[in-house]
Undergrad: 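Here you go, one structure.
Both counts, for ligands and for their atoms, begin at 1 and track the order of listing.
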Amino acid sequence: MSQTLFEKIIARQIPADIVYEDEQVLAFKDIKPQAPVHVLLIPKKPIVRIAEAKSGDEAVLGHLLLKAPTVAKKMGLSETGFRLVINNGRDAGEAVPHLHCHILGGRPMGWPPG
Ligand code: AMP
């Protein structure tokens, strides 16, 4: 199967502005930011989307969620707050078939989301 865009970023085949990396996850700035801070946090394991995660993925999913505040803090959001978004499927606007968690902040967020 061909590599997704995000697998190519993990492999450094295409450039990204990486802000955090460890053995299980990578975080980089979104190319089309929707807020003053907009980072994508992804597992290095190519899980297609959250609805396709398996029971064996608990550790990596837990690690991903635990690292979101670490990345948010690194981006200066720990005092003001941040929003985490995972789009799953067409109606949610999912565009890249590699699980990713949007970390958004730097401005007040509206609710309900668009
Ligand atoms: P989603 O709509 O939830 O699938 O989000 C995909 C996100 O990937 C969008 O916010 C895009 O702006 C972002 N994106 C697409 N290509 C790149 C890239 N080369 N580097 C960083 N972010 C990207």
Side-chain angles (χ1 to χ4, degrees):
M1 219 168 73
S2 64
Q3 281 193 318
T4 65
L5 177 65
F6 291 171
E7 283 175 277
K8 289 177 184 165
I9 288 176
I10 293 166
R12 308 302 204 270
Q13 288 165 8
I14 60 171
D17 193 344
I18 292 167
V19 298
Y20 177 82
E21 178 171 26
D22 64 27
E23 66 288 346
Q24 293 192 78
V25 300
L26 184 73
F28 50 94
K29 291 184 183 173
D30 196 292
I31 206 166
K32 197 178 164 196
Q34 302 300 318
V37 176
H38 187 174
V39 169
L40 300 174
L41 176 61
I42 69 172
K44 290 185 174 176
K45 180 177 180 182
I47 298 167
V48 174
R49 60 185 60 84
I50 194 64
E52 294 191 31
K54 307 279 185 279
S55 57
D57 294 326
E58 281 135 337
V60 67
L61 293 177
H63 186 78
L64 185 93
L65 268 187
L66 280 171
K67 288 300 166 188
T70 304
V71 175
K73 185 175 184 185
K74 202 168 176 188
M75 300 305 293
L77 300 177
S78 51
E79 293 297 316
T80 48
F82 55 91
R83 180 171 289 177
L84 303 181
V85 173
I86 295 176
N87 293 322
N88 188 102
R90 188 190 57 202
D91 279 0
E94 177 202 311
V96 180
H98 182 121
L99 176 63
H100 47 285
C101 177
H102 298 258
I103 302 174
L104 297 147
R107 65 165 170 80
M109 300 284 152
W111 195 264

Undergrad: Report the relative orientation of the aromatic rings in F6 and H100; use parallel for angles under 30°, tilted for 30 to 60°, perpendicular for over 60°.
TA: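 Perpendicular.
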
Undergrad: Looking at CD1 of I10 and OG1 of T4, how far apart are the two atoms once the value is rounded to the nearest 0.5 Å?
TA: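 I10 CD1 to T4 OG1: 7.0 Å, rounded to 0.5 Å.
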
Undergrad: At a heavy-atom distance under 4.0 Å, which protein residues reach ligand 1? Sort them by chain and number, would you?
TA: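 Answer by chain and number: L5, F6, I9, F28, K29, D30, I31, K32, L40, N87, G93, E94, A95, V96, H100, H102.
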
Undergrad: Is there a donor-acceptor pair under 3.5 Å between the side chain of K74 and the backbone N or O of Y20?
TA: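 Absent.
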
Undergrad: Should the heavy atoms of other residues, nucleotides or ligands under 6.0 Å from CZ of R12 be counted, would the total exceed 12?
TA: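 Yes, enclosed.
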
Undergrad: If we ignore hydrogens and angles and just use 3.5 Å, is the side chain of K54 paired with the main-chain N or O of I47 as donor and acceptor?
TA: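 Looks like no, no N/O pair under 3.5 Å.
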
Undergrad: Closest approach of R49 and P97, non-hydrogen atoms and distance?
TA: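 What the structure gives for the nearest pair is NH2-CB, 4.1 Å.
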
